[in-house]
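Computed from a predicted structure; not experimentally measured. Chain A is the first sequence line, chain B the second, and so forth, proteins listed ahead of strands; every chain is numbered from 1.
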2 protein chains.
Amino acid sequence: MQNSFTEENYLKIIHALSGRDGLEVSTNALAESTSTRAASVTDMLRKLADKGLIHYKKYQGVTLTESGERVAIKVIRKHRLWEVFLVEKLGFGWDEVHDIAEELEHIPSEVLVEKLDAFLGHPKFDPHGDPIPDAKGNLTEPDYLILTDVQVSEKVLMMGVLDHAPSFLQHLDRSGITLGAVIEVKEINEYDKSASVQINGGPTLFISLEVSKNLLVQRR
Amino acid sequence: MQNSFTEENYLKIIHALSGRDGLEVSTNALAESTSTRAASVTDMLRKLADKGLIHYKKYQGVTLTESGERVAIKVIRKHRLWEVFLVEKLGFGWDEVHDIAEELEHIPSEVLVEKLDAFLGHPKFDPHGDPIPDAKGNLTEPDYLILTDVQVSEKVLMMGVLDHAPSFLQHLDRSGITLGAVIEVKEINEYDKSASVQINGGPTLFISLEVSKNLLVQRR
DNA sequence: ATATATTTTTAGGCTAGTCTAAATTTTTTA
DNA sequence: TAAAAAATTTAGACTAGCCTAAAAATATAT
Ligand SMILES: [Mn+2]
Ligand SMILES: [Mn+2]
Ligand SMILES: [Mn+2]
Ligand SMILES: [Mn+2]
């Protein structure tokens, strides 16, 4: 039996909200993320449980089953591959591709995904630095630092973003902070934790704590 | 207001069934093409009429309005561009792409279509020889011959197919009859209208009337 | 021109996915 | 630990898109 567009979205969101350690996800959190009401979520949870895609006990929150996890990861693989296609082949900006990929991720052909993957050269990361699950469903989250964890005078590589909002990505574009950029922390202000950073050995700029908290980086 | 997946399919099918001269399409013909029951078609026709997408008078059949025609042609444009992508970029066979394109044609981003079109080099025809509407919605059907209209000893170019069924396309593959092939009619059998044809000056083969009736060709 | 056959519409009902309002369970606070 | 607050589920209802069965309109054949 095929999973619907809506079911796939629930599974993907449960995956995201339960994080690395597969924590229980609450009804309200799902209502928030799906932009529906808690009552609607409850209905859907019963259905997903009946299909064996989630573990669900009333009032206790949910986690994905093995089977649900597999479905979620396939959807994530498709989402991220399509994002690579849109940026690398069609010339979209990284701030423009998420909503289109939300649609493309539900196109249901295994062979399409594998041919797309090959066409793109089997990319390991999407335009936001998120890892792309392989064809077997292996997804390994690299353990990046958040820029707030970096000390003054350290040099790090920009590897990804936590916030995917177009407005944030556009702000990074205007600041010249792109994937792979070298960021050197020159100074951190005690008062508001804003920082001066030098990008690629070039211009130095101020970034707010809000920005630092959403930048994933790696020591070189 | 956005049109649903289902509404778009109805409009596309009405476009196909009403042909060049915009003939009235019957409820039963739509039920057949959509694999639904006549009663369901009637429901949908009332809805499409309310949205101003079709002309509908009870018991009289339907035609597209200007607005409905525009929507239908956009869907056809997307379908055919995605088919080109699947064949030219991903390496699918022309017999494998229709069902996937049926899904992709409903992805709703104008800018996506235009970037895809540019990426593909603004193709004029899809992998089956069908013309691709331009960005303004102009769709001009070239007037090809059907192979049954060709006389013995004439040489023609293979330009397209009427039947898009995978089994037919695979049959053509096995016969070496591809788009652009030169077909010379060597002989027509009075009895069953089967024909001997020479492909690209190479092998001669027999084709049934059933095949001839589905080949679109052009005099050179 | 009437009877018969065919086509189309109407009536009533179903499922998926959503909603609001009310009931219930769990959690927090005093 | 009992009362209050918060979270969750249940009850009942709505729309889109589909169905079957019956009624009505149109087309065909005698
Ligand atoms: Mn995304
Ligand atoms: Mn992404
Ligand atoms: Mn097609
Ligand atoms: Mn085609």
Without swapping roles, check the side chain of His128(B) against the backbone of Trp94(B) for a donor-acceptor pair under 3.5 Å. yes

Between Phe119(B) and Lys89(A) the two heavy atoms that sit nearest each other are CD1-O, 3.3 Å

Nearest heavy-atom approach of Asp163(B) to Phe168(B) is O-CD2, 3.3 Å

Which ones in residues 36-43 of chain B lie close to DNA chain C, meaning a heavy atom under 4.0 Å from one of its atoms? Ala38(B), Ala39(B), Thr42(B)

Nearest-angstrom distance from the residue atom [atom1] of [X] to [atom2] of [N]:
X: Met44(B); N: dT15(D); atom1: CE; atom2: C1'; result: 12 Å
X: Leu45(A); N: dT9(D); atom1: CG; atom2: C1'; result: 11 Å
X: Arg46(A); N: dA16(C); atom1: CZ; atom2: P; result: 10 Å
X: Tyr10(B); N: dA16(D); atom1: OH; atom2: P; result: 14 Å
X: Asn3(A); N: dA16(C); atom1: CG; atom2: P; result: 13 Å
X: Asp50(A); N: dA16(C); atom1: CG; atom2: P; result: 11 Å
X: Glu24(B); N: dT7(C); atom1: CD; atom2: C1'; result: 15 Å

Do Asp134(A) and His122(A) come close enough that some side-chain heavy atom pair is under 4.5 Å? no

Do Lys193(B) and Ser212(B) have side-chain heavy atoms sitting under 4.5 Å apart? no

Around atom CD of Glu110(A), are there more than 12 heavy atoms from other residues, nucleotides or ligands closer than 6.0 Å? no

Using a 6.0 Å cut-off, check whether atom NZ of Lys12(B) has over 12 heavy atoms from anything other than its own residue. yes

Please tell me if Asn28(A) has a side-chain N or O lying less than 4.0 Å from either OP1 or OP2 of dT8(D). yes

With a cut-off of less than 4.0 Å, is there a side-chain N or O of Thr27(A) near OP1 or OP2 of dT9(D)? yes

Sorted by number, the residues of residues 55-64 of chain A with heavy-atom contact under 4.0 Å to DNA chain D: Tyr56(A), Lys58(A), Tyr59(A)

Does Arg77(B) pair with Glu105(B) as a salt bridge, N-O distance under 4.0 Å? no

Would you say the ring centroid of Phe5(A) lies under 6.0 angstrom from that of Phe5(B)? no

